[in-house]
Amino acid sequence: GRTCRNFRRNIMSRKKYSDIYAGGLILIIGAVLLAASFFVPRGAAVTIGSDFMPKVTCGLMTVLGLWILKEGLNSVKKCDGNEEKDSGIKEVHYKELIISVVLLFAYMLFLVPVGFLIMTTVYIGAQATVLAPAEKKNPVKFTLIGLVAAVAIYFIFRNVFILMLPAGVLSFLG
């Protein structure tokens with residue numbers, strides 16, 4: 001009775017502040033990594049060097065942390081204090097999380113030998129399929145979206161930023 005209610009209330013109270021904690025942590029990590037990215041050497045002969053992507057990624061991470069923190073603060077302000085009305089603890093998708101981590105490691109492991117175009121197409125298609133709700137899973141559609149994204153990214157990096165991405169088994173394309 002009472003112990004279960006207290007346990008549930010304690011979990012819900014932690015859940016109420018979880019976005020604030022997560023946003024703060026992401027913000028701090030992003031800001032530290034962004035500051036560290038300014039020490040990555042650029043390279044002498046290029047306008048966009050090896051320091052570009054770390055700055056972009058860490059900058060986006062910092063903005064994401066700020067946004068999550070802001071949303072967490074807004075949701076706490078909106079809370080009326082009566083947590084018993086909450087329908088329950090949200091379901092945690094451990095299976096999808098584990099599959100996503102495995103997909104990311106496989107992507108990193110095979111990116112150079114297989115190549116950016118193939119691995120990015122496969123990764124985006126597989127990751128979208130894992131994350132999509134059951135009624136909207138469409139691996140063919142997601143793989144086609146991955147192919148279009150991979151080709152666009154490859155073209156931009158190669159022709160605009162003059163940065164080479166791993167060609168892998170498609171090295172004959174030049």
Side-chain angles (χ1 to χ4, degrees), residues 15 17-76 90 92-133 136-137 139 141-171 173-174:
K15 173 65 181 140
Y17 295 105
S18 65
D19 283 347
I20 294 173
Y21 301 141
L25 181 65
I26 292 169
L27 173 64
I28 291 168
I29 292 170
V32 167
L33 292 175
L34 180 61
S37 72
F38 284 94
F39 294 99
V40 174
R42 171 180 269 203
V46 291
T47 56
I48 297 177
S50 57
D51 64 332
F52 176 73
M53 281 311 291
K55 286 177 183 171
V56 169
T57 305
C58 296
L60 290 173
M61 185 176 182
T62 303
V63 170
L64 176 66
L66 278 171
W67 183 75
I68 293 172
L69 182 62
K70 178 185 91 50
E71 290 297 314
L73 290 170
N74 287 342
S75 69
V76 167
K90 290 184 180 177
V92 180
H93 299 275
Y94 291 112
K95 178 182 169 188
E96 289 84 355
L97 174 65
I98 292 168
I99 292 170
S100 294
V101 169
V102 168
L103 285 173
L104 187 58
F105 278 108
Y107 177 76
M108 292 186 310
L109 181 67
F110 295 111
L111 181 63
V112 173
V114 176
F116 177 83
L117 286 172
I118 294 172
M119 285 309 300
T120 301
T121 301
V122 170
Y123 174 75
I124 290 174
Q127 187 66 69
T129 301
V130 167
L131 296 177
K136 294 190 177 187
K137 287 190 187 292
K141 176 180 157 185
F142 296 148
T143 302
L144 287 173
I145 291 169
L147 177 63
V148 170
V151 168
I153 293 167
Y154 190 81
F155 177 81
I156 290 169
F157 270 72
R158 184 159 183 175
N159 297 310
V160 177
F161 298 141
I162 317 298
L163 294 173
M164 298 305 293
L165 295 170
V169 296
L170 299 177
S171 60
L173 295 176

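Note that the structure is a prediction, hence the values are computed from the model and not measured.
- Residues satisfying the side chain to side chain contact (heavy atoms under 4.5 Å, CB included) test with Ala149, not counting sequence neighbours, are Ile124.
- From Asn159, atom CG reaches atom OH of Tyr154 across 9.0 Å, with rounding to the nearest 0.5 Å.
- Rounding to the nearest 0.5 angstrom, the gap separating the CD atom in Glu71 from the CG atom in Asn74 is 5.5 Å.
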Under 3.5 Å, sequence neighbours excluded: what are the donor-acceptor pairs made by side chains of residues 26-35?
none

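- No more than 12 heavy-atom neighbours from other residues, nucleotides or ligands sit within 6.0 angstrom of NZ on Lys141.
- In terms of heavy atoms, Gly72 sits closest to Ser75 at O-OG, 2.9 Å.
- Each side chain to side chain donor-acceptor pair (under 3.5 Å) pair with one or both residues in residues 118-130, not counting sequence neighbours, appears once here: Ser100-Gln127, Tyr107-Thr120, Tyr123-Gln127.
- With sequence neighbours excluded, the residues that form a side chain to side chain contact (heavy atoms under 4.5 Å, CB included) with Leu60 are Val56.
- Applying the side chain to side chain contact (heavy atoms under 4.5 Å, CB included) rule to Leu64 yields the partners Trp67, Ile68; only residues at least two apart in sequence or on another chain are considered.
- Looking at heavy atoms from C-beta onward, Val122 lies out of side-chain contact with Phe110 at the 4.5 angstrom threshold.
- In this structure Thr143 satisfies the side-chain hydrogen bond (donor to acceptor under 3.5 Å, both in side chains) test with no other residue, sequence neighbours excluded.
- Interatomic distance, CG of Leu131 versus CD of Glu96, reported as 7.5 Å (0.5 Å rounding).
- Screening residues 29-41 for side chain to side chain donor-acceptor pair (under 3.5 Å), with sequence neighbours left out, gives no hits.
- In terms of the ring-ring contact (aromatic ring centres under 6.0 Å, His included) criterion, residue partners of Phe157 (sequence neighbours excluded) are, by chain and number, Phe161.
- Applying the side chain to side chain contact (heavy atoms under 4.5 Å, CB included) test to Val148 and every residue at least two apart in sequence or in another chain returns nothing.
- Using a 4.5 Å cut-off on side-chain heavy atoms (C-beta onward), Leu69 and Ile20 make contact.
- Residues Phe142 and Lys136 approach most closely at CZ-O, 3.6 Å, considering heavy atoms.
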